[in-house]
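Reading through the structure tokens given below for one structure.
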Protein chains: 2
Amino acid sequence: MAEPSGTARDPEAVSRFVEHFAAQLVEAGLPRMPARVFGALLASDTGILTSAQLGEQLKISPAAVSGAVRYLAQQRMVSREREPGSRRERYRVHGDQWYEALTNREAVIRRWEDALREGVTSLGAESPAGRRLAETLAFFEFVEKEIETMMERWRAHREERFGRG
Amino acid sequence: MAEPSGTARDPEAVSRFVEHFAAQLVEAGLPRMPARVFGALLASDTGILTSAQLGEQLKISPAAVSGAVRYLAQQRMVSREREPGSRRERYRVHGDQWYEALTNREAVIRRWEDALREGVTSLGAESPAGRRLAETLAFFEFVEKEIETMMERWRAHREERFGRG
DNA sequence: CGCTTACTTCAGAAATTTGTGAAGTTAAGG
DNA sequence: CCTTAACTTCACAAATTTCTGAAGTAAGCG
């Protein structure tokens, strides 16, 4: 039962976690393959896997890995690194980075704000609808600022609890 | 150019806003019809529309309205009210309520946390992967608490800026 | 008590999204 | 250079999702 450090991990336990966690992400709106790839990275020992490892572990084609990784990189949830002197690429989930990404609904929020501002202008700031849109806009502006300070607090909290990553 | 209060609203301007805003919500993962219905409610003068009004304005079938509204109600983004003594139903976007809903990713976060806890256990809290999952879990627990206090701050901020609802 | 209006449910057509195999591209290694 | 390994892109098949018309249900009104 004990797990001496250095022991091979139980691939089945890993897979169970990956699939279960990915399912939750999918339900929250993430496409299936990116969710599974992300789960696999989270559950890996180093947080780094190659394309080949991902394909094998998840039983998906290189094309699927490529697509999933492109998606995740765009969302800033993983970074891609070239293994120097090789054309093998490594994908990594990097602590701080992906927390930021999660809150980097920021880009999304920014676009909502733009649409709302436009609405306020075109419907008239003094119309009832315009006022509602303006208040919604104010809410998002508020949230945007709050998230920033929240992340600062998290970093402090994290350091205290885990030491510097 | 001026918009004397009480003037009929420009349906085209409304539609432009609704479609543009809905498009942003769709990009963020909301299904199309719920997004459009929600936009229409936001852009209405009273924040209340009947099923018929929604269908006409968005050029969609009663079935589509029904489905969209069911979805939005489930997400707590709108409430449904029976117009007393009529079988007409009114759908409303109610300021506070839908801000809460937006942050009520809470249920979603809760499930992520469950999956992560399971992962920590089955991969071993002392394994490298287990530690990563534990830290991720800690992040979500932190965020969950923060959101609560954030909403309190918002209510204060809002009241100061807009007066009570 | 039955007619009519307002919504809901359901089955299926249409559109969209997903994942694959195959062909293409790039760069390391001989 | 030429070969080959490692990804990427593309076209298409398969699965899924979305929206509609039609039939169903419920409740006000005469």
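Values below: all heavy atoms of this structure, side chains included; hydrogens, waters and symmetry mates excluded. Reminder, nothing fancy here: chain letters follow the sequence lines and each chain counts from 1.
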B:E89 side-chain proximity, nearest of D:dC7, C:dT8, C:dG19: C:dT8
Report, one pair per line, the protein and nucleotides 25-30 of chain C atoms (nitrogen or oxygen only) whose separation is under 3.5 Å.
none

Sugar-phosphate, base or nothing in reach of B:S66, heavy atoms under 4.0 Å: base
Polar side-chain atom of B:R9 near backbone of B:A43 as donor-acceptor pair, under 3.5 Å: yes
Set of ring-ring contact (aromatic ring centres under 6.0 Å, His included) partners for B:W112, sequence neighbours left out: B:F140
Set of residues satisfying salt bridge (Lys or Arg N to Asp or Glu O under 4.0 Å) with respect to B:R155, sequence neighbours excluded: B:E100
Of all pairs that satisfy salt bridge (charged side-chain N to carboxylate O under 4.0 Å, His left out), the ones with a partner from residues 22-34 of chain A, not counting sequence neighbours: A:E27-B:R111
B:E27 CD - C:dT16 P separation (whole Å): 15 Å
Whole-Å distance separating the CZ atom of A:R32 from the P atom of C:dT20: 11 Å
Would you tabulate the nitrogen or oxygen pairs shorter than 3.5 Å linking the protein to nucleotides 20-22 of chain D?
from, atom 1, to, atom 2, distance (Å)
D:dT20, OP2, B:S61, N, 3.4
D:dT20, OP2, B:S61, OG, 3.1

Protein-nucleotide distance (B:R36, atom CZ; D:dC19, atom C1'), rounded to Å: 11 Å
Counterpart residues, ring-ring contact (aromatic ring centres under 6.0 Å, His included), relative to B:Y71 (two or more places apart): none
Heavy-atom side-chain contact between B:I60 and B:R36 under 4.5 Å: yes
Rounded distance (Å) that lies between atom P of C:dT18 and atom OH of A:Y71: 9 Å
Protein-nucleotide distance (A:Q53, atom CD; D:dA6, atom C1'), rounded to Å: 14 Å
5′-ward residue of the pair A:R88/A:G67 relative to DNA chain D: A:R88
Donor-acceptor side-chain pairing of B:Y91 and B:Q53 below 3.5 angstrom: no
Any donor-acceptor N/O pair, B:R132 side chain to A:D45 backbone, under 3.5 Å: yes
Separation of C:dT20 P from A:L58 CG (nearest whole Å): 10 Å
Length of the CZ-C1' vector between B:R70 and D:dC19, whole Å: 13 Å
Parallel, tilted or perpendicular: ring planes of B:F139 versus A:W154, cut at 30 and 60 degrees: perpendicular
